[in-house]
Protein chains: 2
Amino acid sequence: MHLSTDDLTSALRNEGFRLTAARRAICAVLAESHEEHLSAVDVRARAADRAGIQIDQSTVYRTLDVFESLGWLHHVHLGHGPGIVHLSEKTDHHHLVCESCGLSVDVPIEELDDVFSQLTERHGFAPTSMHFALIGTCKNCAN
Amino acid sequence: MHLSTDDLTSALRNEGFRLTAARRAICAVLAESHEEHLSAVDVRARAADRAGIQIDQSTVYRTLDVFESLGWLHHVHLGHGPGIVHLSEKTDHHHLVCESCGLSVDVPIEELDDVFSQLTERHGFAPTSMHFALIGTCKNCAN
DNA sequence: GTCAATGCAAACTTTTTGCAACTCC
DNA sequence: GGAGTTGCAAAAAGTTTGCATTGAC
């Protein structure tokens, strides 16, 4: 169900990219970051730590770019500050961020189908990308 | 209906802030930027131009911060790049940005009431801030 | 005269880029 | 061996901050 590190590394190879220690480590971090919100900086720290090597931040950005251009990865913005990365295979979801407590809730995109198709009907606009979070107030903070 | 430059400047004074040439010019630019999407850099350029004085970018940021902390102004993100500013009095609206052509459509928040209250019912989450645009595909680009 | 506001320069954060050195295939 | 990758250093973009000077009231 979830992509493994090997899935990612061999897919990279299949696409004609070279496998380096840095890339292997980054693949591993992404494969393991199931529900986490990791920034590129986080990815670098973890990958370097995990593989016991040093990896430059620019290498991470470049590798994430490769993944993103292959459509395997997306980055989203939950607020100001760094974007966070997501393997695309993870169930597509929108991010709802509570402006009061900062809590971030993932809502599977299917659950927004009705909501979004209303938008499309009324405004001819079909939301396609969950690139920016929706900011609001969560249940707890509403009380 | 719309706030005038004088509304803004005298409101500033009433709040105990000092009126400077820079602030007057910035107020004028904001009051006149009805449906436009101006960044802080745009505001600086226009205000300086309009008043025939030089205004530092940091002054603009500081003044916009004052307005924002008074709740008179919001800044929103339509995509990567600079945030854009809005007087709060302008009808509240959400921004729909077409990822294909870049077109940005403003949707009055009332028209999203149904859509958003569904979200609240189902996910206990009430969207309150239009801080980030919704990214998708517009009618034209869908064809 | 005081204190808020400004300009200027410098720092900051996140991300991108140029380039020589390296190393994967 | 040769092209794809890397690290390093520097730049870029947007925004924030420190501080001495200015100017509003």
Side-chain angles (χ1 to χ4, degrees), chain A residues 8-27 29 37-48 51-70 73-86 131-133, chain B residues 8-27 29 37-49 51-70 73-85 131-133:
Chain A
L8 287 171
T9 52
S10 46
L12 258 189
R13 291 259 43 234
N14 290 342
E15 295 287 336
F17 292 95
R18 292 188 183 167
L19 261 191
T20 64
R23 284 187 175 165
R24 250 183 276 266
I26 294 171
C27 287
V29 168
H37 290 156
L38 298 180
S39 69
V41 168
D42 297 332
V43 171
R44 193 210 65 78
R46 248 187 231 204
I53 58 179
Q54 73 116 327
I55 305 179
D56 193 79
Q57 191 61 55
S58 66
T59 300
V60 173
Y61 278 114
R62 281 190 273 232
T63 298
L64 296 178
D65 280 350
V66 167
F67 289 157
E68 203 153 3
S69 67
L70 291 171
L73 184 98
H74 290 115
H75 79 271
V76 303
H77 297 275
L78 301 185
H80 295 159
I84 61 137
V85 294
H86 262 171
H131 192 64
F132 292 106
Chain B
L8 287 171
T9 52
S10 46
L12 257 190
R13 292 259 42 233
N14 290 341
E15 294 287 335
F17 292 95
R18 292 187 184 169
L19 261 191
T20 64
R23 284 188 175 164
R24 250 183 275 267
I26 294 171
C27 286
V29 169
H37 289 156
L38 299 180
S39 68
V41 168
D42 297 331
V43 171
R44 191 210 66 78
R46 248 188 230 204
D49 191 47
I53 58 179
Q54 73 117 328
I55 305 179
D56 193 78
Q57 191 61 55
S58 65
T59 298
V60 174
Y61 279 115
R62 282 190 273 232
T63 298
L64 295 179
D65 280 350
V66 167
F67 290 157
E68 202 153 4
S69 66
L70 291 171
L73 184 99
H74 289 115
H75 78 271
V76 303
H77 297 274
L78 301 184
H80 294 158
I84 60 138
V85 295
H131 193 65
F132 292 106

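Chain A is the first sequence line, chain B the second, and so forth, proteins listed ahead of strands; every chain is numbered from 1.
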| request: Please report the shortest heavy-atom distance between B/L78 and B/A133, naming the atom on each side. | output: CA-CB, 3.8 Å
| query | Among D/dC25, D/dC8, C/dC25, which is the nearest nucleotide to the side chain of A/Q54? | reply | D/dC8
| query | Any side-chain N or O of B/R13 under 4.0 Å from OP1/OP2 of D/dC25? | reply | yes
| message | For B/H80 and A/F132, take the angle between the two ring planes, folded into 0 to 90°, and tell me which bin it lands in: parallel under 30, tilted 30 to 60, perpendicular over 60. | response | perpendicular
| remark: Winner on side-chain proximity to A/F17, out of C/dT6, C/dA5, D/dT5, is D/dT5
| query | Which of the following nucleotides, C/dC24, D/dC8, D/dT16, is nearest to the side chain of A/T20? | reply | C/dC24
| request: Just call it for A/R23: base, sugar-phosphate, or nothing, with non-hydrogen atoms closer than 4.0 Å on any strand. | output: sugar-phosphate
| Rounded distance (Å) that lies between atom C1' of D/dA24 and atom CG of B/L12 | 13 Å
| Within the structure shown, what part of the strands sits under 4.0 Å from B/S39 by heavy-atom distance: base, sugar-phosphate, or nothing? | nothing
| said: What's A/R24 touching, base or sugar-phosphate or nothing? Going by heavy atoms closer than 4.0 Å. | reply: nothing
| Whole-Å distance separating the CZ atom of B/R62 from the P atom of C/dC8 | 12 Å
| query | Looking only at heavy atoms, which two atoms of A/C27 and A/L12 are closest? And how far apart? | reply | SG-CD1, 4.2 Å
| Mapping A/V41 and A/D56 to their closest nucleotides on DNA chain C, which lands nearer the 5' end? | A/V41
| What is the distance, rounded to the nearest whole Å, between atom CZ of B/R44 and atom P of D/dA13? | 16 Å
| Taking the nucleotide of DNA chain D with the closest heavy atom to each, which residue, B/H75 or B/R18, is nearer the 5' end? | B/H75
| note | Atom CG of A/L64 and atom C1' of C/dT15 are separated, to the nearest Å, by 11 Å
| said: Can you tell me which nucleotide in C/dA5, D/dT6, C/dC25 comes closest to the side chain of A/T63? | reply: D/dT6
| field | Proximity to the side chain of A/S58 - top-ranked nucleotide from C/dG7, D/dC25, D/dG7 | value | D/dG7
| field | Rounded distance in Å - NE2 (B/H80) to C1' (D/dT15) | value | 17 Å
| field | B/T59, nearest nucleotide to its side chain (from D/dT15, C/dT6, D/dT5) | value | C/dT6
| task | Mind calculating the distance between CG (B/D65) and C1' (C/dT6) to the nearest angstrom? | result | 15 Å
| query | Are A/H74 and A/H131 close enough that their ring centres sit under 6.0 Å apart? | reply | no
| field | Atom pair distance, as rounded to whole Å: OH in A/Y61 and P in D/dC8 | value | 17 Å
| Of all heavy-atom pairs between B/E15 and B/L70, which one has the smallest distance, and what is that distance? | OE1-CD2, 3.8 Å
| For B/I26 and C/dG7, what is the distance between atoms CD1 and P respectively, to the nearest whole Å? | 9 Å
